[in-house]
Amino acid sequence: MILIFTLLEQMSIFLVITYLFTKSPAFRPLTSDQLGFRHKLLLYLLFSSFAILGTYLGQPVQDAIANTRSIGPVLAGLIGGPLLGVATGLTGGLHRYLLGGFTATACGISTTLGGLIGGLVHLYLVRRGRGSQIYLPFLAFATMLCVEAAQMATILLLARPFELSLALVKTIAVPMLLANSAGAALLISIIRDQRSAYDRFGAHFSARALTVADRTLGILSKGFNPENAQKLVKIIREETGVGAVSITDREKILAFSGIGDDHHHPGLPIITEYTLRAIKTNQVAYADGVNTPFACPRSPDCPLGSTLVIPLRIEQEVVGTIILFEPKNMMFSHLNRSLGEGLANLFSDQLLRSRYAEQKNLLVQSELKLIQAQVNPHFLFNALNTIIAVVRIDSDRARDLLMHLSNFFRKNLKRSGDVVTLEEDLDHVQSYLKIEKARFGERLKVVTEIDPALLQLKLPTFTLQPIIENAIKHGISQLLEGGQVTISAQKIDGRAEILVEDNAGTYCDKLSDTGLGMNLVDKRIKNQFGPECGVEVSCEPDQKTRVLVRIPLAKEDFA
Amino acid sequence: MIRTLIVDDERHAREELQALLEEITNFEIIGSCGNALEAVRIINREKPDLLFLDVNMPVLNGFELLSMLEQEHLPQVVFVTAYDEYALKAFEQQALDYLLKPVDAERLKKTVEKVRQFSHEDLPAQYRTAELKRIPCIGANRIKLVDPQSVEFVRSDLSGVHLVTPDGEFFTELTLKTLEERTPLVHCHKQYLVNPSAIDEIMLLEGGLAEIHTSSGHQLPVSRRYLKQLKETFEL
C-alpha cells in the first residue's frame, strides 16, 4: 500500500513537468498532427528524461526497483510513433541495465518493449484514420496496463532465480500496474486539454480572420480609391474592435474610421512619422505607446496612444498603408497585430490581382482594336466597288447603301469596352449585312429570328459583328450559290442563346485560328459574365458552321 | 478587236468593269461569268485574248483557274482585286497587269495600252502555271475537287472528259491536254489518259497495239502512237 503512494508521488513530479511543458512555446508543435524532426527530438529528450528519472526516483524493493520508468517510452510511442517509442525505451532501458541488479536485463528489455507497444498502438490508430484517439486517457490507461503486465511477464521469464522474481512480482505488480496506468492517463489528459485549448484559440482567430477576408473580398478589385478604402476601414474596425483604422495611399489619408475621426480627415496629407517611415522602408512600423511613444501630430488632445502601420504592396512596391490605432488607455493585442499584418497581405494580393486583371482587359481590348483595323480595308473597298456600280443603275439604292456603310463605320468607332443592347448590336450587323447582300446578291440570304423580349439584353459591343463577318467572309463567300446565314436569339435555361449559323461549313479548319477574333469575343464575355457563358463553335464540313453565344439574362429579364 | 472575258464572283463588280470597258473602243466583251468553272468552259470554247480575273472567288480562286487552262490557249491576264496583298503573287504569275477595286477609269486606260502593245507584238502569254493540286469536277449540285493522284485514268468521249477514280466517275470541264500538262497523267490513247502508278500490266498485242490493265481491273486501249511514249515513261 505504501508502495502505491510512493509511486503516485513520483507520478506527481511528472505531472508537474508535463504541465509546465504544455505551457511552454516548445509544446506548440504538438498541436499539429504532423511532427517534424526537431519536435520529435524534443519529445525524445523529454520522455527519455522521464524514463531515467523514473528509475532514480523508484523505490528499492528486494534488490530491484519499483518504478515509473515505462511511462516515458509508452507516451513517446503513443504520441510520436514506434521509432520514437523504441528510441526512448532503449535509452531508459539501457540506463536501467547499467545500474545492475538481478532484474537488470528484464527491465532493460521490457522498457524498450513498452516504447514499441505504445508506438504500435499509434501506428494502428493512424493507419485506421483515427489519429485523434491517441490522446484518449482511457487508451493510455489500457496501453500502460498492457505494458506493465508485459513487464511483469518479462521479469518472470528472464530474471533468475525464479523464486526471487516471483516474490518481487507479487509485491510490486499491483501497485505498479495501477499507479503507472493512472499516471499515463493523467499525463495524456493534460496534453490533450492543452491541445484543445490551442485549437479553440486558433479556431477563434481563424474565424475572425476569415470573416474579415470574406467581407472585404473583391472590394479592392474595384479600385484603390477613397470610397472603397472607407468600406474597408469600417469592416476592419468592426471585426477587430481596435480604436481606429485608417487606409492611406503614398501621400494622403484615403479613409479613417474610429476614435479621433474629428481631426483625422480623409484627404489630409500624411504627417505621422511612423506612416512615412513604413512607406519609405516598406516595413511594418509599430509604436506600442509604452516603450515607443506615440503622439498624434495633428492634435495634442487626440486620445490615440499606439499605432501599427502596415504597408500595402503591389509586387514589392508600396502603394499605401493600413494603420491600426488604439487609444491611450488600451494595449495593442497581439492578435490584432498579426491580424492586421495578415489583412495587409490579403489586400496587397487583391490589389495585385486587380491590376493584373486590368492589364489583361487592356490587352484584350487592344487586340480587338487591331482586328477591327485589319478587317475594315477589305470590306471597305469591296463595298465601295459595289456602290460605285450601283450608282450607274439606281442612285437611290446607292444612297441607301452609303448610309448603311456610314452607320457601320460609326458603330465601329465605338469604344470596345462599351456595353450595348442586343438591338444596337443587331443594327450594327444589319448595316454590314445590307452591304454584303448587295455584293453577293442571290448568293446570300439572311434569316433573322430574334425573341423581341431579348432586344434589351446587354452584351459587350462587337459581340456579333466578328462572328457574322466570319460567316460571310469564310463561309458564304466560298459558296457558288444558295448561301444562308441564320441569326436567332432565344431564352434557354435562364440564359440568352444567340446563334449564328451558315450553311457553308467551309472554315472548320480555321476555327482555332486566332485571327478570326472568335476567341477574343469569347474571352470578353467570360471576363464579364463568368466561365459558364461565352462562345461555342461547332462545324460540320461542307454542311454548316454554328456559333453559339451564351449571355446571362439580367434579373428583370427572367420573368 | 480584243476579245475579252470578265471573271468575278460579284455581279456589280462585273457590271462596273464592263461599263468602264465599253467606253473604250476596240474591245469586244465576249462574256462575263461568276466562277472559275464557268470561266474554264467559256475560255475553252471562245478562246478569248484577254481575261480580267478576280482573285478571290468561291471554291476555286483566280490562280487556280489559270492552272486549269491549256498552255496554248492562255489569254493575257489582268488581275482585279480589292486586296493589295495579292499583288505580289499576281506578278509572280507574270500577269500582264493588275487593277485594284474600285477600278479607276484612268488606270484602266493604262492597262489597256499595255494590252495593245502586247497584242501587237503577238507574243503568246507566258505564265508559269503551277501543277494542278486538285481537279474540279461538276456533280449534280456540287463541285468535287479530285486529287490527281487518286485518278486511275481519264476517258474522253462525245459527252466530255471523265475522271475514273476508286470513288466513282467524275465529269470535268478541263481538257485532256490541260490534264496532261498539269498532272502526272500520261496519254495512252487519243481519248485516254492513264495514271502510271495505277498501271498493273501492259499487254502487248499484234500490230504495235497494246492493252493496259489497271490495278482495279479496267482495260484501256493503247494506240501505236502512244505506246512508244508509254515505254519511255517506264524507261523500257
Side-chain angles (χ1 to χ4, degrees), chain A residues 373-395 397-398 400-402 404-405 434-444 469 471-485 502-507 509 515 540-544, chain B residues 6-23 32-41 52 54-62 64-65 79-87 98-105 107-108 136-145 173:
Chain A
Q374 280 172 349
V375 166
N376 289 343
H378 294 176
F379 170 70
L380 178 64
F381 291 127
N382 276 315
L384 288 174
N385 195 43
T386 303
I387 295 171
I388 285 172
V390 173
V391 166
R392 282 183 200 272
I393 14 178
D394 186 346
S395 62
R397 182 146 174 264
D400 188 44
L401 287 174
L402 279 174
H404 281 300
L405 190 62
K434 275 272 161 39
I435 291 162
E436 294 298 60
K437 272 171 90 167
R439 272 181 68 197
F440 294 113
E442 295 298 306
R443 287 166 55 202
L444 170 62
E469 195 164 316
I472 304 283
K473 195 167 136 190
H474 302 289
I476 304 304
S477 79
Q478 301 303 315
L479 285 183
L480 289 175
E481 56 192 10
Q484 177 168 321
V485 174
D502 68 65
N503 63 344
T506 40
Y507 60 110
D509 49 338
E540 284 173 44
D542 298 324
Q543 296 297 321
K544 61 181 169 189
Chain B
I6 300 171
V7 186
D8 194 313
D9 66 321
E10 293 177 34
R11 182 168 68 98
H12 289 301
R14 296 196 295 271
E15 285 169 1
E16 175 63 15
L17 194 58
Q18 183 157 0
L20 289 174
L21 285 171
E22 274 164 1
E23 290 165 17
S32 68
C33 62
N35 65 62
L37 284 170
E38 217 177 310
V40 172
R41 196 180 318 147
F52 283 96
D54 182 23
V55 177
N56 197 28
M57 290 187 297
V59 187
L60 295 162
N61 66 31
E64 284 173 306
L65 166 61
F79 280 114
V80 188
T81 178
Y83 309 157
D84 242 335
E85 63 206 83
Y86 286 118
Y98 76 98
L99 293 168
L100 287 175
K101 292 179 192 174
V103 178
D104 173 35
R107 178 69 182 77
L108 182 61
C137 299
I138 297 169
N141 51 6
R142 62 192 182 128
I143 287 161
K144 168 87 179 165
L145 297 168
E173 293 284 354

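So you know, we letter chains A, B, ... as the sequences are listed, proteins then strands, and number each from 1.
In terms of heavy-atom pairs under 4.5 Å with chain A, the best-connected choice from B:N35, B:L60, B:V59, B:V103 is B:V59. Note: A:N385 leads A:N385, A:I387, A:D542, A:N382 in heavy-atom pairs under 4.5 Å with chain B.
Although no hydrogens or angles enter the test, the distance criterion places a donor-acceptor pair under 3.5 Å between the side chain of A:R443 and the main chain of B:D9.
Heavy atoms of A:I393 lying under 4.5 Å from chain B belong exclusively to its side chain. Heavy-atom distances place the side chain of A:R392, and not its backbone, under 4.5 Å from chain B. For B:E15, the part lying near chain A is the side chain, with the backbone staying farther off; criterion is any non-hydrogen pair under 4.5 Å.
Applying the 6.0 Å contact sphere to CD of B:E22 captures more than 12 heavy atoms from other residues, nucleotides or ligands.
A side chain to side chain contact (heavy atoms under 4.5 Å, CB included) with A:T386 holds for exactly one of B:E16, B:R11, B:H12; it is B:H12.
In terms of heavy atoms, B:P58 sits closest to A:S477 at CB-O, 3.3 Å.
To the nearest 0.5 angstrom, A:L479 atom CG is 10.0 Å from B:I143 atom CD1.
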